[in-house]
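Notes to accompany the following structure.
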Amino acid sequence: MKRRVAILISGRGSNMAALIQAAAAEDFPAEIVVVISNRSDAGGLQKARACGVPAVAIESQPFGKDRAAFEAVLQSALNEHRIDLICLGGFMRLFTAEFVQRWYGRMLNIHPSLLPSFPGLDPQGQALRAGVKISGATVHFVIPETDAGPILMQGAVAVRDNDTPATLAERILEVEHRLYPDALRLVASGQIRLEGDICKTAGGADSDAILISPAAG
Ligand code: GAR
């Protein structure tokens, strides 16, 4: 039985589109049942509908600081669609600890840095200011702390001397679009087990890849 997935977005939804595309494959262990945005102007809503995936907006703004009230409406939409797993794809709204606890081990997020480095806003700018030579993207289980939680999968890119936040973001985004479907596949097929704060992958082939940056002369 395919796991039933909701994708939560706030914006353009390019990760959402990558997940929808991957899940269209017959042998993918999850199906994208609904896309939910907390902003009705999110470009991803149209993209999802164009792919034949139901997409709804639950505006968070009218709820102001009352996160629990917003989450009650969100939870009933998730119940209605009998959702097993949530994927956050650029969902820019914080959750209460209660909501996160309820979905612990069943809610994934993607962030454009090699966590635990550079959580929060402008991670690519943070990476450039720190002068790191390798950055990337991380898929992790969600915990109450922002951009933290057990790490499922990471992908790396070399940082170039002439990178701007925008050029680095573009290369990391390419990695994100490969990473997120692969991470969802592992979770949906039951290949991930949590040992405390650490994720272990059953049957996953270890990668021997080494990335050295910059490459010497
Ligand atoms: C992605 O780069 C994602 O990693 C990031 O927002 C972008 C959403 O783009 N998420 C975070 O920064 C979470 N803290 P998308 O709407 O095109 O998928």
Side-chain angles (χ1 to χ4, degrees), residues 5-24 30 32 34-51 53 55-60 67 74 85-97 99-100 103 107-130 132 134-159 163-185 187:
V5 174
I7 305 176
L8 271 52
I9 63 167
S10 300
R12 68 188 164 182
S14 73
N15 277 290
M16 171 210 78
L19 290 169
I20 290 174
Q21 196 187 349
I32 312 305
V34 67
V35 169
I36 301 173
S37 172
N38 68 319
R39 298 179 55 126
S40 52
D41 61 356
L45 287 170
Q46 285 306 334
K47 268 189 217 166
R49 290 183 192 123
C51 296
V53 176
V56 295
I58 303 172
E59 279 280 2
S60 54
R67 296 188 190 285
L74 176 62
L85 297 168
I86 296 175
C87 289
L88 305 180
F91 186 72
M92 296 304 184
R93 169 118 183 148
L94 299 175
F95 292 115
T96 63
F99 187 86
V100 172
W103 285 94
M107 179 155 59
L108 282 58
N109 182 43
I110 190 159
H111 182 75
S113 75
L114 293 176
L115 292 174
S117 291
F118 318 132
L121 296 177
D122 188 25
Q124 300 89 352
Q126 292 186 56
L128 292 178
R129 286 190 292 280
V132 296
I134 293 174
S135 191
T138 303
V139 177
H140 64 95
F141 285 115
V142 176
I143 62 171
E145 209 179 313
T146 305
D147 299 325
I151 292 173
L152 267 154
M153 201 181 268
Q154 294 184 303
V157 299
V159 177
D163 263 328
T164 64
T167 60
L168 182 56
E170 197 179 326
R171 288 203 310 291
I172 292 176
L173 197 62
E174 253 180 72
V175 174
E176 293 186 48
H177 296 165
R178 287 174 53 185
L179 200 62
Y180 216 172
D182 283 356
L184 177 59
R185 178 188 284 278
V187 174

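Scope of the values below: all heavy atoms of this structure, side chains included, with no hydrogens, waters or symmetry mates. Atoms within each ligand, like the ligands themselves, are counted from 1 in listed order.
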Minimum heavy-atom distance between Ser10 and Ser37, given as atom pair plus value: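 Looking at all heavy atoms of both residues, the shortest contact is CA-OG, 4.1 Å.
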
Closest non-hydrogen atom pair between His140 and Gly149, with its separation: CB-O, 3.6 Å

What is the closest protein heavy atom to [atom], and at what distance does it sit?
atom                    : value
atom 5 (C) of ligand 1  : Pro112 CD, 3.8 Å
atom 9 (O) of ligand 1  : Arg12 NH2, 3.3 Å
atom 16 (O) of ligand 1 : Gly13 N, 2.8 Å

Gap separating the CZ atom of Arg93 from the CD1 atom of Ile58, nearest 0.5 angstrom: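 Here the rounded value is 11.5 Å.
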
From Ile172 atom CD1 to Thr167 atom OG1, the distance as rounded to the nearest 0.5 Å: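 So the CD1 of Ile172 and the OG1 of Thr167 are separated by 9.5 Å.
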
Minimum non-hydrogen distance to atom 3 (C) of ligand 1, winning option of His177, Glu176, His111: Glu176

Which of the numbered atoms in ligand 1 are below 4.0 angstrom from a heavy atom of [X]?
X      : result
Gly90  : 6 (O), 8 (C)
Asp147 : 13 (C), 14 (N)
Ile110 : 3 (C), 4 (O), 10 (N), 11 (C), 13 (C)

Qualifying salt bridge (Lys or Arg N to Asp or Glu O under 4.0 Å) pairs with a residue from residues 39-48, counting only residues at least two apart or across chains: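 Qualifying pairs: Arg39-Asp41.
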
Part of Asn15 with heavy atoms under 4.0 Å of ligand 1, whether side chain, backbone, both or neither: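 Both backbone and side chain.
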
Heavy-atom check, side chain of Leu74 versus side chain of Phe95, under 4.5 Å: yes

